[in-house]
K.L.:
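Submitted below is the structure of interest, expressed as structure tokens.
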Amino acid sequence: MNLTAELHGAVTGVKQDERRSAVLIADGEATFRTGLRRVLEGLGRYEVVGEASTAREAARLLRGTEPELVVMDLALARQVGLEPHRLGGLLARPPKVVLLAGEGGHERLEEALDAGVRGFVTKNLDARLLDAVLGHVLADGCAIAPEVFGALMDRPAASRAQFARSHDRIGLLNDSERHVLELLGHGFENAQIAEELHLSRASVKTYVSRLLSKLHLDNRTQAALVANETGLTLSGRA
């Protein structure tokens, strides 16, 4: 179901006095921005503090509004090298970024996550799933919409075979490496993993390197996908 078709369909049980998370919307299509604003505000958990139609306008609004979350169109994100989190580089607390992708956008997923994006969804995601994704990202998680994840599962046979072999090699990891892999699956960065597991950043970097080697993976984004595919992220962690 398209987001713009859910302008009056979002149901909320949020109390009137509950704090709302500040969100900046960045998308080149005015009709979509308006629809997304109404959906988010209808959910009752978000306050849209600005709308931008270009990457430059988004950067200006970021400095003026300092939102917690930026929901940005993939096409605009590519204008800043697919690293939209850099837009908030001068802020004391840079916002978390969720990308909105059209058809075929999943092909840029690995690049986006490696660049620091915390969420990746399609524009036809329904309001309740969007709410779940945004909530997880705001809780310091990393979220991929089911439709995007499904597209990844349809990747070429050779790629699927590689990931299947990685699944089979999970047993080669020691406990520390498994814990690190689980946190990678939740979107944790090295500094967060170090704090969570009471390790030095150097140790975390070593563990990541070792688990990538053991699982025959190329990068931490692939490791995060394996963690999700094998159920390591089902521990109930936010």
K.L.:
Rounded at 0.5 Å granularity, tell me how far CZ in Arg169 sits from CG in Leu217.
P.N.:
9.5 Å
K.L.:
Please report the closest heavy-atom contact between Val39 and Ala127, naming both atoms and the distance.
P.N.:
CG1-CB, 3.7 Å
K.L.:
Tell me whether Val49 shares a hydrophobic cluster with Phe32, the cluster being built from Ile, Leu, Val, Met, Phe, Trp, Tyr side chains joined at under 4.5 Å.
P.N.:
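As far as the 4.5 Å side-chain criterion goes, Phe32 and Val49 are not connected within one cluster.
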K.L.:
Should Pro67 and Leu62 count as side-chain neighbours, where that means a heavy-atom distance under 4.5 Å?
P.N.:
yes
K.L.:
Could you tell me if the side chain of Leu173 sits less than 4.5 Å from the side chain of Leu215, heavy atoms only?
P.N.:
yes
K.L.:
Passes side-chain contact (heavy atoms from CB on, under 4.5 Å), Leu40 versus Leu130? Steps please.
P.N.:
CA-CA 9 Å; Leu40 292 178; Leu130 176 64; 4.1 Å; yes
K.L.:
To the nearest 0.5 Å, how far apart are CD1 in Ile193 and NE2 in His186?
P.N.:
11.0 Å
K.L.:
Does any non-hydrogen side-chain atom of Leu184 lie less than 4.5 Å from one of Val226?
P.N.:
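Val226 vs Leu184: side chains apart.
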K.L.:
Do NZ/NE/NH1/NH2 and the carboxylate oxygens of Glu68 and Arg20 come within less than 4.0 Å?
P.N.:
no
K.L.:
Would a 4.5 Å heavy-atom cut-off, applied to side chains only, mark Val133 and Phe120 as touching?
P.N.:
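With C-beta onward as the side chain, the pair stays apart.
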K.L.:
Can you confirm whether Gln192 is buried at CD, in the sense that more than 12 heavy atoms of other residues, nucleotides or ligands lie under 6.0 Å from that atom?
P.N.:
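Result for CD/Gln192: enclosed.
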K.L.:
Evaluate the side-chain contact (heavy atoms from CB on, under 4.5 Å) criterion for residues Leu24 and Val71: first the C-alpha distance (whole Å), next the side-chain angles of each, then the deciding distance (0.1 Å), finally the verdict.
P.N.:
CA-CA 6 Å; Leu24 173 66; Val71 181; over 6 Å; no
K.L.:
For Glu29, check side-chain hydrogen bond (donor to acceptor under 3.5 Å, both in side chains) against everything at least two apart and list the hits.
P.N.:
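Counting only residues at least two positions away or on another chain, Glu29 forms no side-chain hydrogen bond (donor to acceptor under 3.5 Å, both in side chains).
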K.L.:
Would you give the length of the straight line joining atom CZ of Arg178 to atom CG of Asp175, rounded to the nearest 0.5 angstrom?
P.N.:
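Spacing of CZ (Arg178) from CG (Asp175) equals 7.5 Å.
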K.L.:
Taking only distance into account, with no hydrogens and no angle test, what donor-acceptor pairs under 3.5 Å do side-chain atoms of residues 202-213 form with protein atoms, sequence neighbours excluded?
P.N.:
from: Ser203; atom 1: OG; to: Ser200; atom 2: OG; distance (Å): 2.9
from: Thr206; atom 1: OG1; to: Ala202; atom 2: O; distance (Å): 3.1

K.L.:
Just verifying a value: how many Å separate Asp73 CG and Leu100 CG, rounded to the nearest 0.5 Å?
P.N.:
6.5 Å
K.L.:
Please evaluate residues Val23 and Val70 with respect to the criterion side-chain contact (heavy atoms from CB on, under 4.5 Å), reporting the C-alpha separation (whole Å), side-chain torsions for both, the decisive distance (0.1 Å), and the verdict.
P.N.:
CA-CA 6 Å; Val23 180; Val70 176; over 6 Å; no
K.L.:
Nearest 0.5 Å please: distance from the CG atom of Leu134 over to the NE2 atom of His136.
P.N.:
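So the gap between those two atoms works out to 11.5 Å.
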K.L.:
If the condition is side-chain hydrogen bond (donor to acceptor under 3.5 Å, both in side chains), which residues does Asn190 pass it with, not counting sequence neighbours?
P.N.:
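With neighbours one apart ignored, the set is Arg220.
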K.L.:
The criterion is side chain to side chain contact (heavy atoms under 4.5 Å, CB included); which residues satisfy it with Ala26, sequence neighbours excluded?
P.N.:
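Side chain to side chain contact (heavy atoms under 4.5 Å, CB included) check on Ala26 returns Ala52, Ala58, Met72, Leu76.
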K.L.:
Can you name the salt bridge (charged side-chain N to carboxylate O under 4.0 Å, His left out) partners of Arg37, sequence neighbours left out?
P.N.:
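Salt bridge (charged side-chain N to carboxylate O under 4.0 Å, His left out) check on Arg37 returns Glu41, Glu51.
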K.L.:
On a heavy-atom basis, which atom in His179 and which in Leu197 lie closest, and how many Å separate them?
P.N.:
CB-CD1, 4.0 Å
K.L.:
Which value, rounded to the nearest 0.5 Å, describes the distance between Leu36 atom CG and Thr31 atom OG1?
P.N.:
12.5 Å
K.L.:
Could you give me the CA-CA distance, side-chain angles and deciding distance for Leu232 and Leu181, then say whether side-chain contact (heavy atoms from CB on, under 4.5 Å) is met?
P.N.:
CA-CA 8 Å; Leu232 286 180; Leu181 180 60; 3.4 Å; yes
K.L.:
Just jot down the salt bridge (charged side-chain N to carboxylate O under 4.0 Å, His left out) partners of Glu47, sequence neighbours excluded, or say none.
P.N.:
none
K.L.:
Evaluate the side-chain proximity of Asp140 to Phe188: yes if any heavy-atom separation is below 4.5 Å, no if none is.
P.N.:
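With C-beta onward as the side chain, the pair stays apart.
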K.L.:
Measure the shortest side-chain to side-chain distance between Leu99 and Val121 over non-hydrogen atoms and say whether it is less than 4.5 angstrom.
P.N.:
no
